[in-house]
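Notes follow once the structure below has been shown.
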Number of protein chains: 2
Amino acid sequence: MTPTPQPGIEHSTCMAMTDILNRIGDKWTVMVVGMLSRNGTMRFNELKRSISGVSQRMLTLTLRNLERDGLVTRTIFPEIPPRVEYSLTELGRTLKKPIDSLWAWSEQHGEAVGKARGVYDGRQVPARAEAPRRYAGAAG
Amino acid sequence: MTPTPQPGIEHSTCMAMTDILNRIGDKWTVMVVGMLSRNGTMRFNELKRSISGVSQRMLTLTLRNLERDGLVTRTIFPEIPPRVEYSLTELGRTLKKPIDSLWAWSEQHGEAVGKARGVYDGRQVPARAEAPRRYAGAAG
DNA sequence: CGGTATCCATTTGGATACTG
DNA sequence: CAGTATCCAAATGGATACCG
């Protein structure tokens, strides 16, 4: 796709970026990586509980993709009941930095974005005394 | 929607992160922000040409979302032919850092990911990615 | 426990046509 | 030039059922 080379940014870089965004941009990847980054090694249902909202199917798919990309290792312990542990590879751990960067941004500016949306949508969120709930509630 | 509080990461932070990821995770946002970050102010078709692959519809939607989120300003010059210029707001410029972080990661590790995929898919050369095949040794 | 398989509603996004 | 409107195919992803 996109056979036309454009000036400014190199085509291959552009492709790589798009590719990476397709991976980390999907609904659950960043959460999974974030959890594994914080907690080290985690079991399947442990991850599922900690993310809370992810379906079994999506968690499985997300983990498979991460494994395929060399970002996560999957270790099966042949026990009864079965145990499967996931952890970040060295490559996966390098993702911590950019993800932390995103995380920090969302903490610092998420509220501003919510406010901007309120303004754009035509309602004046700011000085509203009746329902002072922000879009998601700040850290409290 | 997710009433169950989970340990580890605060719920509100999680929500904000998800929210932000939904914005920057879509197909074109990062490209648009990257272009505006590099080039300053750009016109609609200038952006369209530089991204090359984006449809008019998607570029419009992406820019509208960015404008709604307070990340991009849209300036209409009432001329014939019409001219509309886009640029990042101050808030939008704060996105440069996390996006650069992602960009750097994809430049540094994109190849490793491609290689890992090749290995996972059962071949050494990441030439063409077809439907995800089951790799030998997984089961049966 | 840790999955897989299937079904199906919703979302996404390209193509195309039309407008001021 | 810079959109808007409509249509429709493909991808996404939750729900459910079943399996080793």
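Quick caveat: nothing in here was measured; it's all calculated off a predicted structure. Lettering follows sequence order; numbering is per chain, from 1.
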Quiz prompt | Nearest-nucleotide comparison on DNA chain D, the residue closer to the 5′ end among A:Trp28 and B:Arg64 | solution = B:Arg64

Self-check item: Comparing B:Gln56 and B:Leu61 on DNA chain C - which has the more 5′ nearest nucleotide
Solution: B:Leu61

Distance in angstrom units between [X] [atom1] and [N] [atom2], rounded:
{"X": "B:Lys27", "N": "C:dT11", "atom1": "NZ", "atom2": "P", "answer": "19 Å"}
{"X": "B:Arg57", "N": "C:dT12", "atom1": "CZ", "atom2": "P", "answer": "10 Å"}
{"X": "A:Phe77", "N": "C:dG3", "atom1": "CZ", "atom2": "P", "answer": "12 Å"}
{"X": "B:Lys48", "N": "C:dG13", "atom1": "NZ", "atom2": "C1'", "answer": "14 Å"}
{"X": "B:Ile51", "N": "C:dG13", "atom1": "CD1", "atom2": "C1'", "answer": "15 Å"}
{"X": "B:Arg83", "N": "C:dG20", "atom1": "CZ", "atom2": "C1'", "answer": "18 Å"}
{"X": "A:Asn22", "N": "C:dT12", "atom1": "CG", "atom2": "P", "answer": "14 Å"}
{"X": "B:Met58", "N": "C:dT12", "atom1": "CE", "atom2": "C1'", "answer": "7 Å"}

In the structure I gave you, are the side-chain heavy atoms of [X] and [Y] within less than 4.5 Å of one another anywhere?
{"X": "A:Val32", "Y": "A:Leu66", "value": "yes"}
{"X": "A:Thr94", "Y": "B:Trp105", "value": "yes"}
{"X": "B:Leu21", "Y": "A:Thr29", "value": "no"}

Quiz item: Going 5' to 3' along DNA chain D, which nucleotides are the first and last within contact of chain A (any atom under 4.0 Å from a heavy atom)?
Solution: D:dG13 to D:dG20

Quiz item: Where the side chain of A:Pro82 is concerned, which of C:dG2, C:dG13, C:dG3 is the nearest nucleotide?
Solution: C:dG2

Exercise. Output the single nucleotide from C:dG14, C:dC7, C:dC1 whose closest atom is nearest the side chain of A:Asn45.
Key: C:dC1

Quiz item: Within 45° of the six-membered ring axis of B:Tyr86 and under 6.0 Å from that ring's centre, is NZ or CZ of B:Arg74 located there?
Solution: no

Exercise. May I ask you to say whether A:Arg83 pairs ionically with A:Glu85, meaning some side-chain N is under 4.0 Å from a carboxylate O?
Key: yes

Quiz item: Salt bridge between A:Arg117 and B:Asp19, side-chain N to carboxylate O under 4.0 Å?
Solution: yes

Quiz item: Judged by modelled atom types alone, do A:Asn65 and A:Thr62 share a side-chain donor-acceptor pair under 3.5 Å?
Solution: no

Quiz item: Does any donor atom in the side chain of B:Thr73 or B:Thr89 lie under 3.5 Å from an acceptor atom in the other side chain?
Solution: no

Quiz item: How would you list, by chain and number, every residue that makes a ring-ring contact (aromatic ring centres under 6.0 Å, His included) with A:Trp28, sequence neighbours excluded?
Solution: none

Quiz prompt | Helical bend (five base pairs per end, nearest 10°) for the helix from C:dC1-D:dG20 to C:dG20-D:dC1 | solution = 40°

Quiz item: Can you find a side chain N or O atom of A:Arg74 that sits less than 4.0 Å from OP1 or OP2 on C:dG3?
Solution: yes

